[in-house]
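Have a look at the structure below, then the notes.
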Protein chains: 2
Amino acid sequence: MVRPPGPREEKKQKTRQALLDAALTLLAGEQSFASLSLREVTREAGVVPTAFYRHFRDMDELGLALVDESFHALRQMMRAARSGTLPTEQLVHRSVATFVTHVRANDRHFQFLLRERAGGRSAIRNAIRTEIRLFISELATDLGRFPALNAWRTEDLRMMAGLVVSTLVNAVLDILDLPAGRPEDAQEMMTVLESQLRLILLGASLWKRGD
Amino acid sequence: MVRPPGPREEKKQKTRQALLDAALTLLAGEQSFASLSLREVTREAGVVPTAFYRHFRDMDELGLALVDESFHALRQMMRAARSGTLPTEQLVHRSVATFVTHVRANDRHFQFLLRERAGGRSAIRNAIRTEIRLFISELATDLGRFPALNAWRTEDLRMMAGLVVSTLVNAVLDILDLPAGRPEDAQEMMTVLESQLRLILLGASLWKRGD
DNA sequence: TGTACATCAGTGAACGCGCGTTCACTGATGTAC
DNA sequence: TGTACATCAGTGAACGCGCGTTCACTGATGTAC
């Protein structure tokens with residue numbers, strides 16, 4: 001039987017979340033994770049430095065928790081998108097709009113992922129790359145369900161999914177750079193991203209397996 | 001009239017280069033630029049910390065010099081590639097081989113660029129993004145010279161060039177991860193990259209300006 | 001329910017360390033005559 | 001060519017600072033009877 005958490009456990013989880021949020025907030029500015037200090041994080045979270053060790057062994061462990069948190073939100077969005085219908089014609093347009101909205105709503109998480117994907121700490125870098133590879137596999141599976149693509153070989157589906165994902169990842173950079181008060185910039189960026197995805201789909205319609 | 005540099009100036013340039021090389025070497029490991037200290041760089045270069053200031057105002061200035069150096073090499077490769085012939089059929093295959101060879105030969109520079117493109121210091125990040133934007137523009141111009149594409153609008157050429165560049169940038173990540181002694185991994189990676197670029201070209205052959 | 005003890009999230013002082021930057025310096029190279 | 005002075009790349013000591021981590025602690029929450 002699972003007991004409901006008492007006030008002590010609740011407060012502990014709150015502090016843990018405060019530490020994660022503090023790190024994200026500091027990371028949203030100039031800093032990269034590697035240059036973020038344990039003391040800065042606890043200061044921002046409003047606890048004493050030593051309290052950190054009640055929640056994480058070191059900064060790496062906190063970073064991995066941030067990776068988890070970031071991809072959890074992304075997977076939820078993907079699941080919602082998958083369960084929707086497929087009008088095909090509007091599919092690209094809707095997916096782009098959903099994606100851009102999601103990234104802007106979770107900008108601190110994506111900023112973190114984008115920086116640390118190529119960044120310093122190998123434990124964090126590898127965790128992010130593993131998640132991205134998983135994301136590519138899932139997208140490849142989804143693509144294979146389309147009538148036009150279900151005769152494709154697995155490796156060709158992965159190749160195409162990789163192309164789509166690298167286009168999306170690159171778009172995240174542009175999305176994060178969007179100034180807050182200029183919707184026309186966001187529109188232009190979305191138009192370009194949509195065109196790029198359509199170009200890929202056009203290419204797929206002519207693709208012949210190259211064996 | 002320009003005097004030839006004396007022994008003093010020559011030695012100074014040598015130390016400057018030693019500092020740049022030291023930073024690159026340290027960056028090739030676990031560290032990101034933001035976590036790299038001035039003292040570490042001078043230690044690796046074999047000079048005293050204060051000698052640093054004879055060459056750079058601070059670490060940012062050294063970082064910008066590394067950006068310059070990295071893109072200088074890349075532009076030289078591009079220029080060489082542009083001056084070659086265009087067999088069209090083998091064009092993608094040859095370009096991919098040239099690109100992969102160049103990245104592997106300059107792996108430390110590309111590691112630096114890839115990390116700092118999304119990384120901490122805004123001065124360096126902006127310098128890298130400006131160079132990439134320039135690279136996209138040049139590629140768009142080149143693409144516009146192909147008979148099949150010379151009726152395209154400038155913005156569509158830029159859109160396509162952006163797609164190609166984000167594919168290449170993403171490929172750099174994979175290239176840098178290639179283990180040294182496994183040529184079959186490199187082959188597979190190149191095959192995938194080639195397929196992705198061919199897919200884009202196929203899409204381009206069907207593209208209709210969307211006005 | 002009331003009491004006595006155990007747990008443990010968060011505190012606060014202390015430590016040794018590497019950092020960026022300052023300063024006065026040394027001695028080889030450069031320049032003027 | 002030789003001499004006397006100027007330049008300046010690199011040295012070495014010193015500084016104050018924020019860092020990660022240790023330790024013994026406090027007091028609210030949890031548990032057993």
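Just so you know, these numbers come straight off a predicted model, no measurement behind them.
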Handout entry: Set of residues satisfying ring pair (Phe, Tyr, Trp, His ring centres under 6.0 Å) with respect to B:F71, sequence neighbours excluded
Key = none

Exercise for the section: Take A:D142 and A:R145 through the test salt bridge (charged side-chain N to carboxylate O under 4.0 Å, His left out) and record every step on the way to the result. Expected result: CA-CA 5 Å; A:D142 285 355; A:R145 293 212 185 84; 3.0 Å; yes

Problem - Under the ring pair (Phe, Tyr, Trp, His ring centres under 6.0 Å) test, residues paired with B:H109 that sit two or more places apart - result: none

Handout entry: Candidates D:dG20, D:dC19, C:dG20 - which lies nearest the side chain of A:R43
Key = D:dC19

Problem - Contact under 4.0 Å: A:R57 side-chain N or O vs D:dG20 OP1/OP2 - result: no

Fill in the blank from the handout: A:M59 CE to D:dC19 P, in whole Å, measures 11 Å

Exercise for the section: Could you tell me how the ring of B:W152 sits relative to the ring of B:W207: parallel (under 30°), tilted (30 to 60°) or perpendicular (over 60°)? Expected result: tilted

Could you pull out all donor-acceptor pairs under 3.5 Å where a side-chain atom in residues 120-135 of chain B meets a protein atom, sequence neighbours excluded?
residue: B:R121; atom: NE; partner: B:D60; partner atom: OD1; Å: 2.9
residue: B:R121; atom: NH2; partner: B:D60; partner atom: OD2; Å: 3.2
residue: B:R125; atom: NH1; partner: B:G119; partner atom: O; Å: 2.9
residue: B:R125; atom: NH1; partner: B:G120; partner atom: O; Å: 3.2
residue: B:N126; atom: ND2; partner: B:S122; partner atom: O; Å: 3.1
residue: B:R129; atom: NE; partner: B:R117; partner atom: O; Å: 3.2
residue: B:R129; atom: NH1; partner: A:D177; partner atom: OD1; Å: 3.0
residue: B:R129; atom: NH1; partner: A:D177; partner atom: OD2; Å: 2.3
residue: B:R129; atom: NH2; partner: B:R117; partner atom: O; Å: 3.3
residue: B:T130; atom: OG1; partner: B:N126; partner atom: O; Å: 2.8
residue: B:E131; atom: OE1; partner: B:R75; partner atom: NH1; Å: 2.7

Exercise for the section: Using a heavy-atom cut-off of under 4.0 Å over every strand shown, decide if B:F52 touches base, sugar-phosphate, or nothing. Expected result: nothing

Problem - Euclidean distance, atom CD of residue B:Q13 to atom C1' of C:dT29 [Å, nearest integer] - result: 16 Å

Handout entry: Main-chain N/O of B:A73 paired to B:Q76 side chain as donor or acceptor, under 3.5 Å
Key = no

Side chains of residues 46-53 of chain B: which donor-acceptor partners sit under 3.5 Å, not counting sequence neighbours?
none

Completion exercise
A correct 5'-to-3' footprint of nucleotides 5-15 of chain D, with B, S and - meaning base, sugar-phosphate only and no protein heavy atom under 4.0 Å, is --BBBBBB-B-

Problem - Minimum side-chain heavy-atom gap A:Q196-A:I200 below 4.5 Å - result: no

Exercise for the section: Using whole Å, report how far OH of A:Y53 lies from C1' of D:dT21. Expected result: 5 Å

Exercise for the section: Report the stems of DNA chain D as range-with-range entries sorted by first number; a stem here is at least three consecutive pairs, Watson-Crick or G-U wobble, both distances under 3.5 Å, and write none if there are none. Expected result: C:2-33 with D:2-33

Problem - Length of the CG-P vector between B:D60 and C:dG20, whole Å - result: 13 Å

